[in-house]
S.K.: 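Next up is a structure, given as structure tokens.
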Amino acid sequence: MTGTDVQKEAEDSGPSGYAAARLRLLTEEARSGPPRRAALAELTDDWLTGLFAAGAEGLRGASLVAVGGYGRGELSPRSDLDLLLLHDGSDIKAVAALADRLWYPVWDLGLDLDHSVRTPAEARKTAGEDLKVQLGLLDARHIAGDLGLTASLRTAVLADWRNQAPKRLPELQELCAERAERQGELQYLLEPDLKEARGGLRDATALRAVAASWLADAPREGLADARRRLLDVRDALHLATGRATDRLALQEQDQVAAELGLLDADTLLRQVYEAARLVSYASDVTWREVGRVLRSRAVRPRLRAMLGGGKPTAERSPLAEGVVEQDGEVVLARAARPDRDPVLPLRAAAAAAQAGLPLSLHAVRRLAATARPLPTPWPAEAREQLVTLLGSGRPTIEVWEALEAEGLITRLLPDWERVRCRPQRNAVHLWTVDRHLIETAVRASEFTRRVSRPDLLLVAALLHDIGKGWPGDHSVAGEIIAKDVAARIGFDRHDVTVVATLVRHHLLLIDTATRRDLEDPATVRSVAEAVGSQGTLELLHALTEADALATGPAAWSSWRGSLVADLVKRVSAVLAGDVPDDPEEAAPTAEQERLALEAAATGSPVLALRAQTEPPAGQEPSGDPEPLGVELLIAVPDQPGVLPAVAGVLAMHRLTVRTAELRSLYLPDGVDGSVLLLDWRVAAEYGSLPQAARLRSDLVRALDGSLDIAGRLAERDAAYPRRRGVVAPAARVSVHPAASRLATVIEVRSQDAPGLLFRIGRALEDASVQVRSAHVSTLGANAVDAFYVTGPEGAPLPGDEAASVARKLEETLRG
């Protein structure tokens, strides 16, 4: 039977005919999705038009209007009918009789009805008082009666909405936020409400309302398709249950999947999650744009006149090379060239997360459209920027979602596609696999002071469940994938092995601690053999806790934590013989010796800058060498204050220290004095590097006391106050008495920041200890620095004195 035949049957047979035609339409296998919803709306229109014509004979100044979802022509099988009987107020009695002729047949068929009878003035007044009524009227559609009456109401309602948008849109945003708080996020729920949860049909409707205000518009790409998919699932849910429900319960999912022709319930959930994620992202972008527009409108006309009478130019503040902040968002600098700078997407993302700011939609789309692919293996800067992004705490999530919405994540990490939007049918898990991985990295960022290699911790957190996209044991599959990914992003062979070990054994500690007898030496020994080293054990302990906390509240407790800590203590005792000896003194290169001799002869600092293009140890070169940074060699006659002076000068010139080595250099026989050699790798925060002569001049002044570094840095901080971004974990300073026989080793783990090394060096100088050597590394946004110090006589510090120095240094860094 054709659609025309169905409509004719409804017209000929009254309510019973409509019911039969409706049933026939809903059971047609050939028609589903938007065509069926539109056909159902048209069938219902025709039936109601007949009812209206029969009941409104002789009545003028009345019309029947569909609002809400019915007004949009989107009727799901069990949707209610949202109807407004509009009239001009001239014949109240006749209108009341007409209402009875309309509403009772609908109720007799068992259909849900949301109805009202109003004049245009009453409708506008109610809309002004009730936001939900106003939203419904934005989709008002004429069904029968006086077309002019309906058209004039639509025009007036839209005009009211646009005029009142600065007041009503914040109210709508608050309504959406309250609903999200109650219902949760559709893209993560195992039994989601397709309509009410965040990213569902209500939010899609809210975006239409924002667009109708002309104040802002949602990113339209893919949005209509996402909304269609959610409606299709709701249709199938209505047919499967025979009820007007929007909650996709577990027991209904297989039947709904079959109704839609999908493989299984997991495939169904993944499609729902993908659609919800798109709606949620579009909502975030849209509400951010609404806020920006409303803030700009709030500027007083007088202030605008003072600024030149036109629209004030938004201030652009640099964040990183090619990346600036503008109007509360991170955008690309005017001179940025994504087509020539393959690291720019990661650099922009890391800068945004560190500043706690969103990436602008335009910036992300430009990066997605024009950025060059990264070479394999990645250059060192790309790896460092990824680590910085992962270690930025909560802001990482929003930035990561922006990159993922435009396909940049799967371009950077192709293996991500298998876990994207993948559901986890486990009541313990709160998130999909991909969001769980990001959540674990966020949790791991809180533990970066507990480990000596926070970069490996963060990358392992990102990858620990990556094998869930493959058949078999996800830990085994994940180990293989992690090896490939870690090598691709530029880690050396040793680090690749550590990351793979962490992924392979990320459940080892929690499973052993809660399921095995820790008093059995074989149990502890087996864990020690699997882990292999103290460093890996330290990382695995932090990863275990981060993974559990990211899973959900049922996955971690103080009891579980104490069991794991006990196991770690026992395993550490087995591995105790793995403590490294004192670091060997490497013989100086010819250039280092030349600089040292020149410094000794002149009595002043000597330095050299050169690009560093060699790959890290253990990594094969590939293609054209990419600069890994700039190597800065400095030779200085041994004297107090060298470390803070050099670090302070570099901070003044906005140079970031990636790695740093400081050691005393023994001069050849016949040369008096001793020289400190500093071999550092540095990079400009943005812009070009300063000239070597300028650096040397400032270093000479810093060492003779004529350059007030502390004052200069304080002035700069006051002129450019630090943005409210990531709240980093507090600095942690510890003493390692067994790490060296000749010196006391003080280790500092802190958030990297301009002037950090200067503050550390000055604090050590104030403590009257001598820095025998220093080993500084910056891993993403984390600094892990080890200082080998002695007392004035050259001996290691007594235990209580070492503890006092560490405590004062920690207080300095936290102050």
S.K.: Are side-chain heavy atoms of Leu84 and Leu137 found at a separation under 4.5 Å?
M.R.: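 SC-SC contact between Leu84 and Leu137 confirmed.
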S.K.: To check you understand the geometry: which heavy-atom pair defines the closest contact between Glu221 and Leu278, and what is its length?
M.R.: O-CD2, 4.0 Å
S.K.: Side chain of Arg422, backbone of Arg270: donor and acceptor closer than 3.5 Å?
M.R.: no
S.K.: May I ask you to test the Val279-Leu186 pair for a side-chain heavy-atom distance under 4.5 Å?
M.R.: no
S.K.: So do the side chains of Leu138 and Arg208 get within less than 4.5 Å of each other, counting heavy atoms only?
M.R.: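 They are not in side-chain contact.
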S.K.: Looking at Glu74 and Arg37, is any side-chain nitrogen of the basic one under 4.0 Å from a carboxylate oxygen of the acidic one?
M.R.: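 Not counted as a salt bridge, because no side-chain N and carboxylate O are separated by less than 4.0 Å.
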S.K.: For Ser76 and Ser79, indicate whether the former's side chain and the latter's backbone hold a donor-acceptor pair under 3.5 Å.
M.R.: no
S.K.: Going by side chain to side chain contact (heavy atoms under 4.5 Å, CB included), Asp246 matches just one of Leu230, Leu237, Asp193. Which one?
M.R.: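 Looking at Leu230, Leu237, Asp193, the match for Asp246 under the side chain to side chain contact (heavy atoms under 4.5 Å, CB included) is Asp193.
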S.K.: So, do Leu81 and Leu75 sit near enough that their side-chain heavy atoms are less than 4.5 Å apart?
M.R.: yes
S.K.: So which heavy atom on Arg243 is nearest to which on His238, and how close?
M.R.: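 That would be O-CD2, 3.4 Å.
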S.K.: Quick one: does Glu329's side chain get under 4.5 Å of Leu357's, heavy atoms only?
M.R.: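 No; the side chains remain at least 4.5 Å from each other.
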S.K.: Pair Glu171, Glu174 - check side-chain contact (heavy atoms from CB on, under 4.5 Å), show working.
M.R.: CA-CA 5 Å; Glu171 186 181 346; Glu174 186 177 347; 5.8 Å; no
S.K.: Got a donor-acceptor contact below 3.5 angstrom from the Arg247 side chain to the Glu191 backbone?
M.R.: yes
S.K.: Distance-only, no hydrogens or angles: does the Glu122 side chain make a donor-acceptor pair with backbone N or O of Thr119 under 3.5 Å?
M.R.: yes
S.K.: For the CD atom on Glu57, are there more than 12 heavy atoms of other groups (residues, nucleotides or ligands in this structure) within a distance under 6.0 Å?
M.R.: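 No, because the 6.0 Å sphere around CD of Glu57 holds 12 heavy atoms or fewer from other groups.
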S.K.: Report yes or no: does Arg179 contribute a side-chain atom to a donor-acceptor pair with the main-chain N or O of Glu196 at less than 3.5 Å?
M.R.: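 Here the side-chain-to-backbone pair exists.
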S.K.: Report yes or no: does Trp161 contribute a side-chain atom to a donor-acceptor pair with the main-chain N or O of Arg168 at less than 3.5 Å?
M.R.: no
S.K.: Going from CG on Asp327 to CZ on Arg295, what distance comes out if it is rounded to the nearest 0.5 angstrom?
M.R.: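 That separation rounds to 6.0 Å.
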S.K.: Between CG of Leu98 and CG of Leu64, what distance do you get to the nearest 0.5 Å?
M.R.: 8.0 Å
S.K.: Which distance, rounded to the nearest 0.5 Å, do you find between the SG of Cys421 and the OH of Tyr188?
M.R.: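 So the gap between those two atoms works out to 8.0 Å.
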S.K.: Step by step, work out the side-chain contact (heavy atoms from CB on, under 4.5 Å) result for Arg425 and Leu250.
M.R.: CA-CA 10 Å; Arg425 294 188 175 276; Leu250 288 172; 3.4 Å; yes
S.K.: Taking the side chain as every heavy atom from C-beta outward, state whether Arg141 and Val65 have any atom pair closer than 4.5 Å.
M.R.: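 They are not in side-chain contact.
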S.K.: Begin from the C-alpha positions of Glu439 and Arg394 and carry the test side-chain contact (heavy atoms from CB on, under 4.5 Å) through to its verdict.
M.R.: CA-CA 8 Å; Glu439 191 74 21; Arg394 285 288 147 197; 2.5 Å; yes
S.K.: May I ask you to say whether Asp203 pairs ionically with Arg198, meaning some side-chain N is under 4.0 Å from a carboxylate O?
M.R.: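 Arg198 and Asp203: not salt-bridged.
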S.K.: Which atom pair, heavy atoms only, marks the closest approach of Leu359 to Ala348?
M.R.: CD2-O, 4.0 Å
S.K.: Please report the shortest heavy-atom distance between Arg22 and Thr44, naming the atom on each side.
M.R.: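 Smallest heavy-atom distance, with atoms named: NH1-OG1, 4.3 Å.
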S.K.: Testing the basics here: between His436 and Trp431, what is the closest heavy-atom pair and its distance to 0.1 Å?
M.R.: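 Smallest interatomic distance, heavy atoms only, reads N-CB, 3.7 Å.
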S.K.: What closest approach, in Å, do Gly68 and Asp139 show between heavy atoms, and which atom pair accounts for it?
M.R.: O-CB, 3.7 Å
S.K.: Within a reach of under 6.0 Å around CZ of Arg118, are more than 12 heavy atoms found that belong to other residues, nucleotides or ligands?
M.R.: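 It does: Arg118 CZ has more than 12 such atoms within range.
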S.K.: Are the side chains of Ile397 and Arg435 in touch, meaning some heavy atoms are under 4.5 Å apart?
M.R.: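 With C-beta onward as the side chain, the pair touches.
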S.K.: Can you tell me if Arg60 has over 12 outside heavy atoms packed within less than 6.0 Å of its CZ?
M.R.: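 It does not: Arg60 CZ has 12 such atoms or fewer within range.
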S.K.: Measuring from Ile143:CD1 to Asp46:CG, what's the distance to the nearest 0.5 Å?
M.R.: 10.0 Å
S.K.: In the structure I gave you, are the side-chain heavy atoms of Ser280 and Arg277 within less than 4.5 Å of one another anywhere?
M.R.: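 Counting from C-beta outward, Ser280 and Arg277 never come under 4.5 Å.
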S.K.: Decide yes or no on side-chain contact (heavy atoms from CB on, under 4.5 Å) for Gln173 and Val210, but give the supporting numbers first.
M.R.: CA-CA 10 Å; Gln173 184 179 11; Val210 174; over 6 Å; no
S.K.: Can you establish whether the number of heavy atoms outside Trp214 located under 6.0 Å from its atom CH2 is more than 12?
M.R.: no
S.K.: From Lys125 NZ over to Asp130 CG, what is the distance, rounded to the nearest 0.5 angstrom?
M.R.: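 Here the rounded value is 11.5 Å.
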S.K.: Assign the ring pair Trp47 / Tyr18 to parallel, tilted or perpendicular, where the plane angle (0 to 90°) is split at 30° and 60°.
M.R.: parallel
S.K.: Does the distance from a Lys or Arg side-chain N to an Asp or Glu carboxylate O, for Glu274 and Arg229, drop under 4.0 Å?
M.R.: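 Counted as a salt bridge, because a side-chain N and a carboxylate O are separated by less than 4.0 Å.
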S.K.: Should we say atom CD of Glu181 is surrounded by more than 12 heavy atoms from elsewhere, each under 6.0 Å from it?
M.R.: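 Counting neighbours around CD of Glu181, 12 or fewer heavy atoms of other residues, nucleotides or ligands fall under 6.0 Å, so no.
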S.K.: Please round to the nearest 0.5 Å and tell me the distance separating atom CG of Leu59 and atom CG of Asp88.
M.R.: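 Those atoms lie 8.0 Å apart.
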